[in-house]
Amino acid sequence: MGESPHLSWLRTAVFLGIGYALVGIVFAVPATHVQAWRLAAWGVSAIGYAAHIAYERFRLRNSPGSAALHVTFAVALGAFGLAVGANIHSLASGPNHYRQLLLLALGIWPVITALPAFLVAYGTNIILARALGSVPRQ
């Protein structure tokens, strides 16, 4: 028996959101070749982002707006996870003058990542819809 489309997009978005946060946290651990690790984290996240857009468009057959919102939810969740990780790291590393700013990051990071994520996902979905035609739901 198939999974409902609502559960499918939500499960995928949560999975990718957690993945974005984990990639950001784990790839920040190495103390050498920091720039290379940072670029690798961006690359892995970009692959997940593109795969999510393709999944929403071709597998779930969502409209460009719905697909962009679902992708945006995953990105914002990942940014929230990174902010949580930064706050935990701040608490574990002793006195820190930036603790109040890191608390603000819990709300700010998801918001500042959501708008560009939505615009890129929406634009990509519009281009795919025009280039490949409308994908009918089955």
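Keep in mind that what you see is a predicted model, and the values were worked out from it rather than measured.
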Quick one: [atom1] on [X] to [atom2] on [Y], what's the gap to the nearest 0.5 Å?
| X | Y | atom1 | atom2 | answer |
| --- | --- | --- | --- | --- |
| N125 | N62 | CG | CG | 8.5 Å |
| T12 | L60 | OG1 | CG | 6.5 Å |
| L82 | I25 | CG | CD1 | 5.5 Å |
| I127 | I53 | CD1 | CD1 | 10.0 Å |

Describe, in one word, how the ring planes of H70 and W9 are oriented to each other, choosing from parallel (under 30°), tilted (30 to 60°) and perpendicular (over 60°).
parallel
May I have the step-by-step check of side chain to side chain contact (heavy atoms under 4.5 Å, CB included) for F27 and L22, ending in yes or no?
CA-CA 8 Å; F27 281 45; L22 287 176; over 6 Å; no
Given 3.5 Å as the limit, does a donor-acceptor pair link the side chain of [X] with the main chain of [Y], or not?
| X | Y | value |
| --- | --- | --- |
| R57 | A54 | no |
| S66 | S63 | no |
| N87 | L102 | yes |

Considering all heavy atoms of both residues, which atom of [X] and which atom of [Y] are nearest to each other, and what is their separation?
| X | Y | value |
| --- | --- | --- |
| P110 | A76 | CB-O, 3.6 Å |
| A21 | G78 | CB-O, 3.6 Å |
| A79 | T113 | CB-OG1, 3.4 Å |

In short, side-chain hydrogen bond (donor to acceptor under 3.5 Å, both in side chains) pairs touching residues 99-112 with sequence neighbours left out are S90-R99
Given the rule that I, L, V, M, F, W and Y join up when any side-chain heavy atoms are under 4.5 Å apart, are [X] and [Y] in one cluster?
| X | Y | value |
| --- | --- | --- |
| I18 | V26 | no |
| L106 | L77 | no |
| L132 | V71 | yes |
| V111 | V84 | no |

Pairing donors with acceptors under 3.5 angstrom, does anything connect the side chains of S8 and Y55?
yes
Which side-chain N or O atoms in residues 34-52 pair as donor and acceptor under 3.5 Å with protein atoms at least two apart or in another chain?
residue: S45; atom: OG; partner: A41; partner atom: O; Å: 3.0
residue: Y49; atom: OH; partner: A117; partner atom: O; Å: 2.7
residue: Y49; atom: OH; partner: A121; partner atom: N; Å: 3.1
residue: H52; atom: NE2; partner: E56; partner atom: OE2; Å: 3.4

Residues clustered with L119, ILVMFWY side-chain links under 4.5 angstrom
L69, L115, F118, Y122, I126
